[in-house]
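Worksheet for the structure shown next.
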Amino acid sequence: MPQARRRRRVGAWLGGLLFAAVSVVVGCRTADTDALTPVPQLLAFLPWLLVPTGLGLLLALLARWWVGLVWGVALLGLLAWFIEPYGRSSEPDGRVLVSVRVLTSNVEFGRGTGALVDVVRRTKPDLVFVQECEYTCAAELKRTLGVAYPHRRTVPGAGSEGSVILSRHPLRAADPIAATMGMPGAVAEVDGHDVRLQLAHPMPPLPGQVGLWKRELGTLRDFAARHRREPLLLAGDFNASQDHAAFRRILDTGLRDAARLAGSDRTPSWPARTAPTLGAQIDHVLVSAGFSAERARFLDLADTDHRALLVDLDLHQGE
């Protein structure tokens, strides 16, 4: 009897530790804050917290720890609530003015450039947003895709700092967003309609750099707020998911996530090695209210740790 009681006590302690760890993350999600390391890193994988919560419930049941069972069920309910898509999903009114296909891809220090070229040739997007496109990558894209995509805006840089926007449509210059890594901007003339383009690539929430990550996402939020009343595409590697408060504040400006509109809101894009089984969706195409999304596909590319995102968009006539 004492041995069985000891096992139940150990099970209750282990279950309590699991519930406590999950509660910290869920509590920050409830409070709408990204807090400090390791919370932002864990928030990226919030749906997967169902696993330790389920294990804690099993331990609580075996230990006959009724308070723990209530605690675990409450955590499951909160997780299920937060796993639901965030942001607006209504379709715009009005006839379709233009259709545009958009591709965004992080090529990991340029290593995935060759695979990206193959995907671009196969899928024929109108606009291509490329992150971590260093000098060699930029030169290769110009050599191989320069004829099909004669218009470009570039922030040159080594390693992860370089970024490129490629376009079949004419581009007018727009100031890039000042950040650690390149975030070029432009205004595209798509069949007579101006569409503002902005590449997103804030710093990731690494330990010791969470404050910088929040500031750069805040800069993107301010940009989105300034331009939300015009046709806008904000695309790239945001290093954030819908479970991060700093990313939700961008959506709160009125922008909508094209993957969510197309029914792929929880499809992981990173890390490519374990996606789609395990991962987080941190690569996004955000659109202003005049756009609808017909289709979203996450594509596997060799030699990069991100999956590319391809979306088909329609721009509708406003009221």
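Note that this is a predicted model, so its numbers are computed, not measured.
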Discussion item. If you apply the rule side chain to side chain contact (heavy atoms under 4.5 Å, CB included), what do you find for Thr113 with Thr136, and how did you get there?
Written reply: CA-CA 9 Å; Thr113 305; Thr136 303; over 6 Å; no
Between the main-chain N or O of [Y] and the side-chain N or O of [X], is there a donor-acceptor pair closer than 3.5 Å?
X: Lys214; Y: Ala35; result: yes
X: Arg256; Y: Phe291; result: yes
X: Arg121; Y: Asp118; result: no
X: Asp126; Y: Arg168; result: no
X: Ser269; Y: Ile282; result: yes
X: Glu216; Y: Thr219; result: no
X: Arg196; Y: Ala186; result: no
X: Arg153; Y: Pro176; result: no
X: His316; Y: Glu91; result: no
X: Gln198; Y: Leu234; result: no

Give the cluster check for [X] versus [Y]: same hydrophobic cluster or not, with ILVMFWY residues linked at side-chain heavy-atom distances below 4.5 Å.
X: Val155; Y: Tyr149; value: no
X: Val187; Y: Phe129; value: no
X: Val195; Y: Leu127; value: yes
X: Val24; Y: Val22; value: yes
X: Leu46; Y: Tyr86; value: no

Worksheet entry | Name of the residue among Leu79, Leu278, Thr53, Leu42 meeting side chain to side chain contact (heavy atoms under 4.5 Å, CB included) with Trp48 | Leu278
Atom [atom1] of [X] and atom [atom2] of [Y]: how far apart are they, to the nearest 0.5 Å?
X: Leu286; Y: Arg228; atom1: CG; atom2: CZ; answer: 15.0 Å
X: Leu315; Y: Arg95; atom1: CG; atom2: CZ; answer: 10.5 Å
X: Arg111; Y: Leu116; atom1: CZ; atom2: CG; answer: 15.5 Å
X: Arg295; Y: Leu261; atom1: CZ; atom2: CG; answer: 16.0 Å
X: Asp257; Y: Gln242; atom1: CG; atom2: CD; answer: 8.0 Å
X: Leu14; Y: Leu62; atom1: CG; atom2: CG; answer: 11.5 Å

Which atoms form the tightest heavy-atom contact between [X] and [Y], and what is the distance?
X: Ala258; Y: Ala293; value: O-CB, 3.5 Å
X: Ala60; Y: Gly68; value: CB-C, 4.0 Å
X: Leu199; Y: Gly182; value: CD2-O, 3.5 Å
X: Ala235; Y: Thr104; value: C-OG1, 4.2 Å
X: Val164; Y: Cys133; value: CG2-SG, 3.9 Å
X: Ala296; Y: Ala259; value: CB-CA, 4.0 Å

Do [X] and [Y] have side-chain heavy atoms sitting under 4.5 Å apart?
X: Leu69; Y: Leu61; result: yes
X: Gln41; Y: Pro207; result: yes
X: Asp252; Y: Arg221; result: no
X: Leu43; Y: Val39; result: yes
X: Ser105; Y: Val119; result: no
X: Ile250; Y: Leu217; result: yes
X: Ser99; Y: Leu313; result: no
X: Met203; Y: Met181; result: yes

Practice prompt. Verify side chain to side chain contact (heavy atoms under 4.5 Å, CB included) between Val120 and Val128, making sure each step is shown before the conclusion.
Written response: CA-CA 8 Å; Val120 169; Val128 184; 4.3 Å; yes
Worksheet item: Do the ring planes of Trp71 and Phe19 sit parallel (below 30°), tilted (30 to 60°) or perpendicular (above 60°)?
Response: tilted
Practice prompt. For the residue pair Phe238 and Phe247, categorise the inter-ring angle as parallel (less than 30°), tilted (30 to 60°) or perpendicular (more than 60°).
Written response: perpendicular
Item to complete: Kindly determine whether Met183 and Leu220 satisfy side chain to side chain contact (heavy atoms under 4.5 Å, CB included), including the steps that lead there.
Response: CA-CA 10 Å; Met183 293 202 273; Leu220 288 169; 4.0 Å; yes
Worksheet item: When you look at CZ of Arg64, are more than 12 heavy atoms from neighbouring residues, nucleotides or ligands closer to it than 6.0 Å?
Response: no
Worksheet item: Is the CG atom of Asp175 crowded by more than 12 outside heavy atoms at less than 6.0 Å?
Response: no
Practice prompt. Give the C-alpha distance, both sets of side-chain angles, the deciding distance and a yes or no for side chain to side chain contact (heavy atoms under 4.5 Å, CB included) between Leu76 and Leu50.
Written response: CA-CA 7 Å; Leu76 282 180; Leu50 290 169; 3.7 Å; yes
Discussion item. As a quick check of understanding, evaluate salt bridge (charged side-chain N to carboxylate O under 4.0 Å, His left out) for Arg266 and Asp243, giving each step before the final call.
Written reply: CA-CA 11 Å; Arg266 282 289 182 181; Asp243 298 308; 2.8 Å; yes
Worksheet entry | Salt-bridge present (Arg215, Asp222; N to O < 4.0 Å) | no
Worksheet item: Are any of the side-chain nitrogens in Arg172 or Asp194 under 4.0 Å away from the carboxylate oxygens of its partner?
Response: yes
Worksheet item: Looking at Glu132, Arg307, Gln131, which hits side-chain hydrogen bond (donor to acceptor under 3.5 Å, both in side chains) with Asn106?
Response: Glu132
